[in-house]
Amino acid sequence: GQSLEQPSEVTAVEGAIVQINCTYQTSGFYGLSWYQQHDGGAPTFLSYNALDGLEETGRFSSFLSRSDSYGYLLLQELQMKDSASYFCAVRDPSSGGSYIPTFGRGTSLIVHP
Amino acid sequence: DGGITQSPKYLFRKEGQNVTLSCEQNLNHDAMYWYRQDPGQGLRLIYYSQIVNDFQKGDIAEGYSVSREKKESFPLTVTSAQKNPTAFYLCASSIDLGNTEAFFGQGTRLTVV
C-alpha cells in the first residue's frame with residue numbers, strides 16, 4: 001500500500017516563491033510526479049523526479065529526497081494563473097507487478113494580488 | 001491534434017439508472033485509467049487497462065464496470081449499485097503502465113438526482 005501527505009491549502013502573493021511539500025509511504029518507490037489542475041479542468045503533468053535532487057523547468061522546480069521519503073514543488077515568480085490544485089503522485093507496484101499512478105489529496109494554491 | 005476526450009462534460013441521471021461515460025484517445029497509448037475526484041479526496045483509481053481486452057479493478061471499483069474493446073476507447077459505466085455516484089470523473093492514458101506521465105481528459109461531472 002501507499003499514502004501521500006500534502007498540505008490542503010497554501011496561500012501566497014503574486015511575485016513570491018512558494019513550496020508545496022509531499023511526503024510518501026510506499027511499498028516500493030519508482031519516482032515522484034507533480035500535476036497541476038485548474039478548477040474543473042484536467043490535471044496536467046508538471047515534473048518527475050526519479051533520483052534525489054532538484055529538477056528545474058522554468059519557474060517550476062521539483063525536489064526529491066528518497067532517504068526522507070519527501071519531495072516538494074517550488075513555484076517562483078508566482079502569477080495569478082498559478083492558482084490551482086497541485087497533486088503529487090507516485091507509482092504503486094500493484095500485486096500484478098504493474099505501476100499505477102497514485103495521487104495525493106492535492107494542495108490548493110491561492111495566489112493573491 | 002492528439003489528445004484524450006471525455007464526453008459529455010456534464011451529465012445528469014436519475015437515481016437507479018446506469019450511465020456510461022465516454023473516453024477516447026488518439027495518442028496511441030496502451031494504458032488507460034479512470035479516476036474519481038471528490039472534494040478533499042484527491043484522485044482515486046476506479047479501473048485501469050494495460051492493453052486491449054484487459055482491465056483491472058482499482059481501489060474503488062465497486063458499482064462500476066468498464067470495457068476495452070478498442071485501444072482508443074475505455075468507457076466507464078456507473079451502475080445503480082454505486083451508492084454515491086455524484087462526482088467528477090477523470091479518464092487518463094499513458095504510453096504504458098510503466099510511463100511516468102499520464103494525460104488526462106477534461107472530465108465528466110456526473111450528478112445523480
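Atom set for the values below is all heavy atoms of this structure, side chains included, hydrogens, waters and symmetry mates excluded. Reminder, nothing fancy here: chain letters follow the sequence lines and each chain counts from 1.
Hydrophobic cluster membership differs between Phe88(B) and Leu76(B), with clusters built from Ile, Leu, Val, Met, Phe, Trp and Tyr side chains linked at under 4.5 angstrom. Residue Leu78(A) is not grouped with residue Val13(A) when hydrophobic side chains (ILVMFWY) are merged at heavy-atom distances under 4.5 angstrom, including chains of intermediate members. Val111(A) and Leu75(A) fall within the same hydrophobic cluster, where Ile, Leu, Val, Met, Phe, Trp and Tyr residues are linked whenever their side-chain heavy atoms come under 4.5 Å apart, directly or through other members. Residues Tyr70(A) and Leu54(A) share a single hydrophobic cluster, defined by chaining ILVMFWY side chains whose heavy atoms lie under 4.5 Å apart. Linking ILVMFWY residues whenever their side-chain heavy atoms come closer than 4.5 Å, directly or via other members, leaves Ile100(A) and Tyr89(B) in distinct clusters.
Neither the backbone nor the side chain of Gln56(B) has a heavy atom closer than 4.5 Å to any heavy atom of chain A. Only the side chain of Leu45(B) comes within contact range of chain A, judged by heavy atoms closer than 4.5 Å. Using a 4.5 Å cut-off between heavy atoms, Ser8(A) makes no contact with chain B at all. Contacts of Tyr35(A) with chain B are made by side-chain atoms alone, with heavy-atom separations under 4.5 Å and no backbone atom involved. Only the side chain of Tyr33(B) comes within contact range of chain A, with heavy atoms under 4.5 Å apart. Contact of Gln6(A) with chain B is not made at all, since no heavy-atom distance falls under 4.5 Å.
For the atom pair OH of Tyr35(B) and CZ of Phe103(A), the computed distance is 4.5 Å after rounding to the nearest 0.5 Å. To the nearest 0.5 Å, atom CG of residue Leu46(A) and atom CD of residue Glu101(B) are 10.0 Å apart.
For Gln106(B) against Gly41(A), the heavy-atom pair with the smallest separation is OE1-CA, 4.0 Å. When all heavy atoms of Leu90(B) and Gln37(A) are compared, the closest pair comes out as CD1-NE2, 3.9 Å. Between Ala42(A) and Gly105(B), the closest heavy-atom pair is CB-O, 2.9 Å.
Environment of NZ in Lys9(B): crowded, with over 12 heavy atoms of neighbouring residues, nucleotides or ligands closer than 6.0 Å.
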